[in-house]
Structure formats: C-alpha cells, structure tokens
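First the structure, in the form of structure tokens, and then the observations on it.
Below, chains carry the letters A, B, ... as their sequence lines are ordered, and counting in each starts from 1. On a predicted model such as this, the values are computed, not experimentally measured, just so you know.
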Amino acid sequence: MSIVRCAGLRVRLGAREVLGEVSLDLSARTIALVGDNGSGKSTLARVIAGLLRRTGGDLRVMGCDPDCDPAALRARVALVLSNPDAQIMMPTVAEDVALSLRSARLPRAERDARVDAALARFGLDGLGDRPAHDLSGGQKQLLALCGAFVRGPRLVIADEPTALLDGRNARRVADHLLADTGHALVLVTHDLALARRCESAVLMADGRVAASGASSAVVDAYESALTC
Amino acid sequence: MSIVRCAGLRVRLGAREVLGEVSLDLSARTIALVGDNGSGKSTLARVIAGLLRRTGGDLRVMGCDPDCDPAALRARVALVLSNPDAQIMMPTVAEDVALSLRSARLPRAERDARVDAALARFGLDGLGDRPAHDLSGGQKQLLALCGAFVRGPRLVIADEPTALLDGRNARRVADHLLADTGHALVLVTHDLALARRCESAVLMADGRVAASGASSAVVDAYESALTC
Amino acid sequence: MLSLFVPAMGWMHRMPAGPKLMMLAAAAVAVASSPSTWVTVMVLVLPVALYAGAGMGIRRGLRVLAGAVWGLRWVVAITVTGQLIFLGLEPAVANTCRVVAALLIAGLVPVSTSVSALLDALERGLSPLSRFGVDPGRAALLLTLTITTIPVLARLAAEVRDAQRARGLRPSLGRGALPLLVSALRHADDLGEGLAARGIR
Amino acid sequence: MTRTLDATDLARVAVFAALIAVLGLPGSFPVFGGVPITAQTLGVMLAGAVLGPWLGALSVTVLLALVAAGLPLLAGGRGGFGVFLGPTAGYAVGWILGAVVIGLIVHAGGRRPVVWRTALAMIVGGVIAIYALGIPVQSLVTRLPLGETALSSLVFVPGDLVKAAVATLVVTTLVRAYPRGFRRMWRVATPERDRVGVAA
Ligand SMILES: Nc1ncnc2c1ncn2[C@@H]1O[C@H](COP(=O)(O)OP(=O)(O)OP(=O)(O)O)[C@@H](O)[C@H]1O
Ligand SMILES: Nc1ncnc2c1ncn2[C@@H]1O[C@H](COP(=O)(O)OP(=O)(O)OP(=O)(O)O)[C@@H](O)[C@H]1O
Ligand SMILES: O=C(O)CCCC[C@@H]1SC[C@@H]2NC(=O)N[C@@H]21
Ligand SMILES: [Mg+2]
Ligand SMILES: [Mg+2]
C-alpha cells in the first residue's frame with residue numbers, strides 16, 4: 001500500500017513558497033527525509049502529519065486526504081519532535097503517557113495497563129511517578145516516543161528525534177522507531193548513517209524533491225554532493 | 001602551556017553532585033569532551049568558561065583561576081552553544097556581532113571595521129543589515145561563531161555546535177572551530193567522527209573522568225563500549 | 001514584521017522623535033479632555049487631517065487611518081456599550097469620538113517613527129536616571145533582547161501546539177502553558193549563558 | 001536594568017516579556033486571545049509567580065515600554081503610547097502592580113509555593129489589583145461613573161477566574177515538575193530537616 005502519495009504539492013508560508021511541486025509515491029515501510037538546512041523537510045513532515053494545510057496539489061496519507069478527514073488522520077498518525085520539552089504536557093511520566101489516551105475514553109484500569117505496558121516497552125518502567133522534566137535528555141525523548149506509540153499509530157513521523165542524544169540513546173530511539181511493530185515511519189534526519197537504515201529515502205533541495213528511491217543510492221548521492 | 005588544569009574539581013547543582021572529583025591536565029590545542037547524556041560534559045564546559053562556580057577543588061584555565069579573576073577569564077574565553085536562537089541577541093546580523101564588542105568600548109569606526117572583517121571571515125559578508133532571525137539554521141550558527149571569534153578569544157568552548165546542522169554546515173562550522181588561528185578549543189560533541197579530529201579527548205561518565213588522552217584511543221574505547 | 005511603521009519621507013516622518021512625541025501627545029491630551037456634547041464629534045476632523053496631511057500621500061494616509069480605526073474596533077465596542085446602557089445617546093457618541101480621536105492621533109507616532117528611533121529616544125530619555133543606578137545602555141539592551149526573543153517564543157508556542165495536535169488533543173492554553181513555560185525557561189537559561197559568554201554580565 | 005541584574009536575570013526578564021507578547025498574538029491558542037478578554041493576563045500572572053515580585057514587574061514594564069515605543073504587542077495588534085490614553089490604560093499599568101502582588105504572596109516568607117497561597121495570589125494580584133487601577137482609569141477616560149464602569153467590567157471576571165485557575169495549576173505543577181525554573185531556594189517548613197532545600 002502507498003504510505004504517502006502526493007502530486008504537485010505546494011505549501012506557502014507567509015509570503016514564501018516553501019514547498020513547490022512535490023510529487024512522490026512512497027510505499028516503503030520506512031522512509032528517510034534528508035537534505036540541507038532549510039530545504040523543506042520539516043515543512044513536508046508537518047503537512048503529512050496534518051499539522052499544516054497545503055496551498056495546492058494533491059495529497060494522500062495512508063489513503064486519506066489530511067484536509068478532508070483530519071480526525072481520521074490524527075487517529076492514525078503520531079509525531080515526534082527533537083525538542084522533548086515541547087512534547088511533555090503533564091507533570092509526571094505516567095500522567096504524560098496517559099494523556100495520549102484521553103480521546104480514546106478507555107476504562108481506567110485498561111488505560112493504566114496500556115500506559116504501564118508502553119513504559120515497559122521503552123525501558124521507563126518504574127519511573128511512572130517521577131516528575132517528567134527531571135528525566136535526562138535521552139529519557140525524555142523515550143518518553144515522547146512512549147506518548148506517540150501508546151495510541152497504536154499506523155504512521156509515525158519523526159523530525160530529527162535523535163539530534164540532541166548521545167550515541168547510546170540515539171541508537172535506542174532509532175531502534176524503537178525502525179522496529180517493525182505494524183507502523184510505517186517517515187524520519188527526518190541529518191544523520192546519514194541513520195537514514196541508510198531506512199528502506200527508501202527522499203532528498204529535498206530548495207523545497208523540491210531532488211532524488212528519491214532506495215536509501216543507499218539517495219544517501220550516497222547526497223553524501224558525494226556534500227563532500228565536493 | 002596547559003589549557004585546562006583541574007584537581008579534585010567538584011560541582012553541586014541544587015541537591016545533586018553533578019561533577020565529582022574531576023582531575024585533568026590538558027595541554028593539547030584541541031580537546032574533545034565526549035560521553036553519555038547527563039554525564040556532565042556541559043557542566044564541565046560551563047565551569048571552564050567561568051559561567052558556573054565550582055563547589056570545591058582547584059581549577060586553572062589558561063593559567064588563571066575563574067573564581068579569582070572572572071573578568072580576565074571572560075576577556076579570553078568564548079562560548080558557542082548548539083541552539084543558534086539562544087545566541088542571537090540583536091535584530092540585525094551586524095548589530096549582533098557588534099554586541100560582543102560592547103564591553104571593549106572601541107571607537108565606532110574601529111568596531112565597524114572589526115565586525116566587517118569577522119563577517120567576511122565566516123562568509124557572511126553582505127548580510128550585515130539582514131534581520132538575524134531570517135537566516136537559515138546553518139547561517140545562524142556561523143553568526144554565533146562570528147560573535148564568539150570577533151573578540152579574539154584565546155580559548156573557544158563549543159557545546160554541541162553542530163547538533164542541529166546539515167552535513168555541509170556542520171563541516172563548515174567544525175572547520176572554523178578546528179582551524180589554528182591562535183585559539184585553543186574545548187569541543188563537546190556526540191559526533192565521534194568530529195571528536196576524532198581533535199588532538200586529545202576526555203571521556204566523561206557519571207560526573208567523573210572515565211578516560212583521557214589521544215582522541216583516537218579515547219573515542220575508540222567509548223565507541224566499543226557503546227556497541228556492546 | 002513586528003512594527004506599525006509605514007515607510008514614507010513626509011514631514012511627519014522626518015521630524016525628530018522627541019519633539020514629534022511631545023506635539024502629538026499634546027494634541028491627543030487636548031482632544032481627550034474636550035467636553036461631552038454633540039459638538040465633540042468635530043474632533044474626528046483632527047486625525048483625518050493629520051493622517052491625510054502627514055506627507056504619506058492623502059490616499060495612503062487615509063488607508064492607514066482606516067486600518068487604525070479597524071484596530072480600535074474592540075475598544076470602541078466596549079466604550080459604546082457601557083455608555084449607551086448607562087448614559088444615553090449624546091454622551092455615548094461624544095465620549096466615544098473623543099477617545100477614538102485621541103487614540104488615532106497618538107497612533108501616528110509609531111506609524112511615522114521607526115522602532116529603533118523610538119528606542120534611541122527612550123535610551124536618551126532614561127539617561128538622567130543613571131544617577132539612581134539605572135543603566136540606560138542596559139535598559140536598551142533588555143528591550144532589544146525582548147524584541148528578538150518574541151519570534152523564538154512564537155515558534156516554541158507553535159511547537160507545543162503541534163505536539164498537542166499530534167497526540168490527538170485540541171491545542172489549548174490550559175494544557176499548553178506548562179510545556180511552553182518550561183521551554184521558555186530553558187531558552188532563558190541558554191540566552192543568559194549566551195549573554196555571559198559575550199562578556200555581558 | 002540596574003547594575004545588580006545579572007545576565008541570567010536579564011534573559012529571564014526578556015523571555016517573560018516576550019511570553020506575554022506571544023500570548024497576545026492572533027492564532028496563538030484558541031479559546032482565549034480576543035480583545036479585550038486576553039490571555040496576556042495569564043502571562044502576567046506567570047511572570048509574577050515565577051520571576052518573583054521585582055523581576056516579574058520589570059518584565060511587564062519592559063513589555064509596556066515596547067508597546068509605548070510603538071510595537072503592536074497588545075492583544076489585537078495594538079501598540080503606541082496611545083494605549084496609555086485609552087480606556088484600558090489602567091488595566092495595562094495595573095499589570096505591573098499585579099505582578100508585584102502575585103510575587104509577594106506566592107513567595108511569602110521564602111516558602112515553597114502551595115496551592116492555596118498561589119490561588120490567593122492570582123485572585124488578589126491577578127484580578128483585584130489589576131481592576132483596582134483599571135476601573136478608575138477607565139471611568140476617568142470614558143467619563144462613565146465609577147459604579148457603572150465597575151459593573152460593566154464584570155464581563156472580564158469569568159475569563160479572569162479561569163486564567164487564575166490555569167495559572168495556579170501551572171505554577172504549582174512547575175514546583176513539582178521543574179523547580180529549578182524558579183531559581184530560588186525555599187525554606188523547608190519541617191524543622192528537623194535542613195533549613196535550605198531544593199532548586200538553584
Ligand atoms: N512560518 C514560516 N514562515 C515563513 N517561512 C518559513 C516558516 N517556517 C519555515 N520557513 C522557511 O521555510 C524553509 C523550509 O523550512 P523547514 O523548516 O521545512 O526546513 P528544514 O529542511 O526542516 O531545515 P532544517 O534542517 O534546518 O530543520 C526555510 O527557509 C524556512 O526559513
Ligand atoms: N541546574 C541544575 N540543577 C540540577 N541538576 C542539573 C542542573 N543542570 C544539570 N543538571 C544535571 O546534571 C547532570 C549533568 O548535566 P550536563 O548537562 O552537564 O550533562 P551533559 O553531559 O551535557 O548531557 P547531554 O549530552 O545530554 O547534553 C544531568 O543529570 C542533569 O540533569
Ligand atoms: O490590552 C489592553 O489594552 C490592556 C489590557 C486590558 C485587559 C484587561 S486586564 C483585566 C481584564 N481581564 C481581561 O481579560 N482583560 C481585561
Ligand atoms: Mg527541520
Ligand atoms: Mg550537554
């Protein structure tokens with residue numbers, strides 16, 4: 001199935017055309033988005049996540065149009081950002097994860113069970129009652145993943161989720177994102193080794209698609225352009 | 001000459017001992033500081049920069065004690081952070097660089113000349129009148145370097161200066177930092193390839209020094225610990 | 001972006017900030033203290049004449065005036081309602097015209113003076129206070145720093161809203177205030193270090 | 001502004017002034033954010049409670065100075081010194097007093113903020129103190145008698161109570177979640193523990 005398909009997608013922010021004529025048909029389970037600073041990666045990610053409306057063109061994410069059915073999209077798509085502080089809404093770890101389940105209106109016992117399971121899966125078990133902002137940077141980012149995954153999303157969009165992490169935490173976060181647990185992944189990153197771990201990749205340049213295809217080929221092309 | 005020398009250095013933040021018994025004698029011109037999230041790298045960098053007072057132990061930076069002679073230290077040491085937005089204080093590019101020269105009380109013509117020279121050195125010439133927040137992420141970080149170098153520091157301390165940059169910008173920033181223009185460098189980074197480009201390295205773990213010496217040896221040891 | 005300034009080369013724009021401020025403030029205060037009778041409606045002539053004759057070009061001046069009136073719609077609404085309910089038609093119309101005319105006249109200052117010129121004037125105005133320990137240079141730095149921080153915080157607020165929506169929540173200030181506050185406090189720490197590192201204590 | 005203000009304080013004052021400005025921007029957060037019922041008073045409450053009375057008041061003053069200098073930073077994009085001749089001038093100046101009162105009550109006796117004291121501070125400083133300046137000035141400017149002006153300003157009360165509740169919740173949560181944000185030491189109430197605890 002196609003994860004993201006767009007044709008002639010355009011996005012204008014303020015007076016500026018930030019994305020111009022992006023056409024893609026992505027069906028790999030894990031997709032990396034790479035490119036220079038300011039090339040439009042974050043903007044594309046936010047349009048796919050339904051957080052920003054397109055100015056023109058056509059877009060289907062997991063088969064549905066974000067502009068027509070934002071609620072359906074939001075139920076299936078989760079987003080992870082690089083700044084963990086902006087993603088933590090509640091005072092304690094467990095409360096923060098439970099917040100993601102609010103709209104599901106589960107009975108309390110089931111909600112707690114799902115929260116505990118999610119915390120365990122991301123290695124945060126036992127920290128449920130700790131103030132969330134007391135965690136280390138790496139732990140906070142794992143908490144953000146937890147809040148994203150607890151809703152069982154079918155597509156996870158992550159915008160430089162490892163930028164501020166050390167090697168160990170970065171690998172742990174990347175492993176969780178790339179693991180096949182029934183979700184697709186769109187991953188924005190400057191870490192080219194990480195981009196290579198995705199199946200396919202899209203290279204953005206100046207608001208357009210400069211290349212797309214198997215990640216190794218796209219990343220090789222980008223890397224050789226970088227060094228000359 | 002020794003760049004940083006400390007013995008039994010301790011730092012307590014709030015109720016917590018963040019650095020405990022750090023002893024080092026660093027005389028290489030370029031020094032990398034590596035280690036896990038929360039291991040105390042940024043704290044050590046800030047103590048060396050004179051931004052944080054130690055709780056105990058002895059410290060000499062470029063031969064002077066930050067606690068006894070903070071003014072002398074500040075005149076010689078510059079700091080670069082990873083978040084470019086936190087380093088931009090003034091509305092336009094040229095005004096922002098000029099801010100660093102405020103305390104030097106230079107005549108206006110000389111100040112402008114030094115600002116122009118610094119902008120040219122970092123490839124920002126011609127952008128002097130542009131609003132600083134309109135620059136791209138990479139340009140903003142180059143502007144931060146400009147603000148740091150315009151004062152002619154003898155020691156530059158950089159805390160993950162390339163974390164949010166693309167490959168090209170990261171290399172450009174690293175090249176400027178590592179170039180020998182009469183300054184020493186203490187570089188905190190999670191990018192181990194970059195750490196290897198320094199002469200020596202210090203590995204922090206849990207508020208203590210776990211290893212120090214030639215960068216290739218220290219980084220190899222850290223990398224092999226990461227992968228197992 | 002963050003300014004009411006309308007670029008032009010007319011006499012009002014060329015006038016030095018200090019005297020211009022005095023002149024327009026005097027006019028606004030005079031209008032504001034006029035009596036509350038039907039004749040007071042006439043005070044509206046003054047802002048029309050000033051905007052049209054400020055040297056921006058008559059049509060442009062009137063367009064700027066229309067924008068300024070639109071910007072006051074809520075002030076007008078609360079003033080009019082309270083007055084109509086409690087005082088009756090004549091005082092309501094007169095008082096509203098009086099207040100609106102004074103605000104429009106005062107509004108010409110930011111329209112015809114750049115923010116940096118006003119900040120310079122402010123710094124000069126503060127210099128007599130240096131005897132009482134106020135450092136005008138530092139005050140100006142604080143004001144400028146705030147201006148450059150506004151877009152950064154606007155972006156942090158946008159990030160928080162995105163994070164809320166991405167979790168299936170409607171963006172709300174009630175729940176967004178904590179992450180916004182923590183992010184702002186961390187930004188302040190970074191900013192403080194950035195300042196200190198540039199030799200500003 | 002004086003020489004005793006260090007770089008960190010300077011940055012915190014600027015950031016809170018910017019925060020109050022951002023809370024007045026259109027499209028920031030829905031529900032609140034119209035003129036003249038504005039989310040900016042929430043920013044004022046947070047400034048007083050987190051920065052304390054003097055720095056909190058300074059950050060409000062900085063915002064108002066920028067407004068006076070012509071930046072459109074009040075809700076609805078209003079700015080210029082004309083604001084201080086208008087009917088809401090007293091409320092705007094009242095924000096300074098409000099921040100002082102809030103800071104004094106929240107940190108009374110150098111103790112850790114608790115819910116009841118914070119809520120009291122928000123009502124007394126964030127509502128009553130602001131109205132105490134706002135209503136007389138509004139009455140003076142519009143020439144509507146004081147009693148009637150007070151009556152008409154009742155439209156603000158529901159919104160202000162909601163903001164006071166949100167501010168109380170956020171501040172007391174911050175005490176648990178990120179105490180170092182307050183940048184002060186609190187006296188510990190129980191005498192057997194050490195006299196100085198938490199936060200730097
Ligand atoms: N709200 C906005 N208004 C106007 N321009 C914007 C806005 N947001 C982003 N831009 C501009 O759009 C361009 C693309 O931004 P985007 O954040 O998508 O880039 P990016 O590829 O994610 O870069 P980075 O690697 O630095 O994160 C940039 O030039 C940016 O300045
Ligand atoms: N003001 C403070 N009060 C209390 N604890 C603090 C404070 N600042 C930092 N810490 C703690 O000190 C420890 C070391 O922090 P530091 O920022 O030096 O780590 P780091 O090595 O730079 O980590 P990272 O790679 O994530 O940047 C962390 O556990 C952190 O939570
Ligand atoms: O924006 C202005 O012109 C100044 C602020 C006026 C708003 C006052 S403050 C108390 C009361 N509560 C509100 O929400 N608005 C008013
Ligand atoms: Mg981006
Ligand atoms: Mg660090």
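Of the two parts of C/Ala196, the backbone and the side chain both hold a non-hydrogen atom closer than 4.5 Å to a non-hydrogen atom of chain D. Contacts of C/Leu104 with chain D are absent, with no heavy-atom separation under 4.5 Å from either backbone or side chain. For a residue to count as touching a neighbouring chain, one of its non-hydrogen atoms must lie under 4.5 Å from one of that chain's; by this rule D/Val155 does not touch chain C. Only the side chain of C/Asp189 comes within contact range of chain D, with at least one heavy atom under 4.5 Å from a heavy atom of that chain. At a 4.5 Å heavy-atom cutoff, C/Ala17 makes no contact with chain D through either its backbone or its side chain. When heavy atoms are compared at a cutoff of 4.5 Å, C/Arg98 approaches chain D solely by way of its side chain, counted from C-beta outward. Looking at D/Leu151, the atoms closer than 4.5 Å to chain C (heavy atoms on both sides) all sit in the side chain, from C-beta outward. For C/Leu145, the parts lying under 4.5 angstrom from a heavy atom of chain D are both the backbone and the side chain. D/Phe16 touches chain C through its side chain: at least one heavy atom from C-beta onward sits under 4.5 Å away, while N, CA, C and O do not.
Closest of all the heavy-atom pairs between C/Gly61 and C/Met56 is CA-CE, 4.0 Å. The minimum heavy-atom distance linking D/Leu5 with C/Arg138 is given by the pair O-NH2, 2.6 Å. In plain terms, the two heavy atoms of D/Gly98 and D/Ala129 that are nearest each other are CA-CB, 4.3 Å.
A cation-pi contact, defined as under 6.0 Å to the ring centre and within 45° of the axis, is absent between C/Arg14 and C/Trp11.
By number of non-hydrogen pairs under 4.5 angstrom with chain D, the leading residue of C/Leu103, C/Ile85, C/Leu141, C/Thr149 is C/Leu103. Of all the listed residues (D/Ala167, D/Ala68, D/Pro87, D/Ala21), the one sharing the greatest number of non-hydrogen pairs under 4.5 Å with chain C is D/Pro87. The candidate with the highest count of non-hydrogen atom pairs below 4.5 Å against chain D, out of C/Asp190, C/Leu181, C/Leu108, is C/Leu181. Contact count versus chain D (heavy atoms, under 4.5 Å) is highest, among C/Pro91, C/Ala188, C/Ala92, C/Gly107, for C/Ala188. Listed options C/Ala32, C/Ala28, C/Ser34, C/Ala77 were ranked by heavy-atom pairs under 4.5 angstrom with chain D; first place goes to C/Ser34. If you tally non-hydrogen atom pairs under 4.5 Å between each of C/Ala102, C/Gly137, C/Ala154 and chain D, the highest count goes to C/Ala154.
Using bins of under 30°, 30° to 60° and over 60° for the plane-to-plane angle, the ring pair D/Phe156/D/Tyr131 lands in the perpendicular bin.
Looking only at atom types and distance, the side chain of D/Thr142 has no donor-acceptor partner in the side chain of C/Asn95 under 3.5 Å away.
Once rounded to the nearest 0.5 Å, the distance linking OG of D/Ser152 with CZ of C/Phe86 reads 6.0 Å. Taken from CG in D/Leu154 to OG1 in D/Thr149, the straight-line distance is 11.0 Å, to the nearest 0.5 Å.
Side-chain N or O atoms of D/Gln138 include none that pairs as donor or acceptor with a backbone N or O of D/Thr88 at under 3.5 Å. Side-chain N or O atoms of C/Arg73 include one that pairs as donor or acceptor with a backbone N or O of C/Trp70 at under 3.5 Å.
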